[in-house]
Amino acid sequence: MSISFFRTPGVLITGVGSVSQIRTEAQKLGATKILVITDKIINETGLVKNVTQHFGDIPFDIIDQVIPEPPFENLEEIAGTIKGKGYDLFVGVGGGSALDSTKVLSIIMTNEGDVRDLVGIEKVQNKGIPFILIPTTSGTGSEVTYNAIFTDIRDNVKKGIVSPYLLPDVAIVDAEMTVTCPPSVTAASGMDALVHAVESYTAIRASELTDGIALQAIKLVSRSLRNAVYNGKDIKAREDMAMGSLLAGISLGNAGVGAVHALAYPLGGKFHVTHGVSNSMLLPFVMKYNVVSNLEKFAEVAKAMGENVEGLSLREAADCAVQAMAKLSEDVGIPKMKEVKGLTEADIPALAEEASKIDRLLNNNPRWLTKREIEQIYREAYVGE
């Protein structure tokens, strides 16, 4: 068994109504002035109030300037606004963009220099301001991972900051906070959770610890995503999605991901496709390429998705996982790659060139890819076959 590391947040609180525990956790962290970091839409829905009503007598401010798929400039603008205001606890409320922004704003407060200097693996020198994360979607798993993704508008590519200092002091996962999430976001974020689970389960760095977690995530999300998309008030489906996303995030945070993310980054960066959608578009096609690398594991994915593989050969069972994922993606309304505004087939070689440079992710993929194979996957995803 190879050496592996396993990291999770300091405290993990789950369950319907668990957001009520935030004051107790804030007090444990010595909070005297809290900053809630979110976006305008989440703030306007009343979800932020669902959190702040539990602060008691702890003073707080709210900043809702986070924008979707945030560029580094958005972070820098917010940092300039909040520096020197005496905040000793950040609380991130929202989807992946708000949570990732909270993580990095925490370390911006204690690390000098350009935020772009932190891009890469473990380049953060100092621990940041304590922070608590509360997701309002079920998919990104940001509340339990130690990476954060942003758009670099200088070259239109998504880039990641990876550091143990990006793990929150406390993560609170309350399914009630996701009930108002609209169908399209529920679908994209839910499929994104499956990307995390499948990629981390089949990754080079997968371990005995992460395998069981990833399979349970696949089971929970697969059985409940359709219900959560089309009947958002189904609290049992929302609970399954919240826990599935959380488990997928833990698996992702420790085993890593692979080619789906590598191919999604340039697609999202150049054509402004959200992270969840760009991942979801590519998942079945990368799975189709990867399936021969580990038939046993892909057959287990099919079983976790509820597919009946009795009487099938190992190869047939493994292929079932690919077919089931494509069908699920279609059922919840994930758009096709050819529907991306401004994207034509002529753009594929440039996308492949950019994706082929993302060694951090490609080196963790279970099957080796060259630029040629990457281009072929993009073409199959574009055609939709």
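Of the possible polar contacts, none joining the Asn279 side chain to the Val195 backbone as a donor-acceptor pair under 3.5 Å is found. Asn147 contributes no side-chain N or O that, together with a main-chain N or O of Gly160, makes up a donor-acceptor pair within less than 3.5 Å. Remark: side-chain polar atoms of Ser224 are not paired, donor with acceptor, to backbone N or O of Val221 under 3.5 angstrom. Put simply, the side chain of Asn364 gets close to the backbone of Ala255: a donor and an acceptor are under 3.5 Å apart. Using a distance-only test at 3.5 Å, with no hydrogens or angles considered, a donor-acceptor pair links the side chain of Asp88 to the main chain of Lys33. When atom types are taken as modelled, the side chain of Asn254 and the backbone of Arg7 share a donor-acceptor pair closer than 3.5 angstrom.
Remark: Ile63 CD1 to Thr102 OG1 distance equals 10.5 Å, nearest 0.5 Å. Between Thr136 atom OG1 and Leu99 atom CG the span is 7.0 Å, to the nearest 0.5 Å. Here Ile121 contributes atom CD1 and Tyr146 contributes atom OH; the two are 8.5 Å apart, rounded to the nearest 0.5 Å.
Under the 30°/60° scheme for interplanar angles, the aromatic rings of His261 and His275 are found to be tilted.
Of the listed residues (Val48, Leu47, Asn43), just one forms a side-chain contact (heavy atoms from CB on, under 4.5 Å) with Thr45, and that residue is Leu47.
With respect to the salt-bridge test (charged N to carboxylate O, under 4.0 angstrom), the residues Asp240 and Arg223 qualify. The existence of a salt bridge linking Asp114 and Arg116 is confirmed by a sub-4.0 Å separation between a basic side-chain nitrogen and an acidic carboxylate oxygen. Comment: Lys159 engages Asp152 in a salt bridge, judged by a side-chain N to carboxylate O separation of less than 4.0 angstrom. Lys28 and Glu25 are joined by a salt bridge, as a carboxylate oxygen and a charged side-chain nitrogen come within less than 4.0 angstrom of each other. Under 4.0 Å is where a charged nitrogen must lie from a carboxylate oxygen, and between Glu373 and Arg367 no such pair does. A salt bridge does not link Glu307 to Lys303: none of the charged side-chain nitrogens sits closer than 4.0 Å to a carboxylate oxygen. Electrostatic pairing of Asp347 and Lys270 does not count as a salt bridge here, judged by no charged N lying under 4.0 Å from a carboxylate O.
A cation-pi arrangement is present between Lys297 and Tyr201 under the rule of less than 6.0 angstrom and at most 45 degrees off the ring axis. The side-chain tip of Lys158 does not point at the ring of Tyr265 from less than 6.0 angstrom away and within 45° of straight on.
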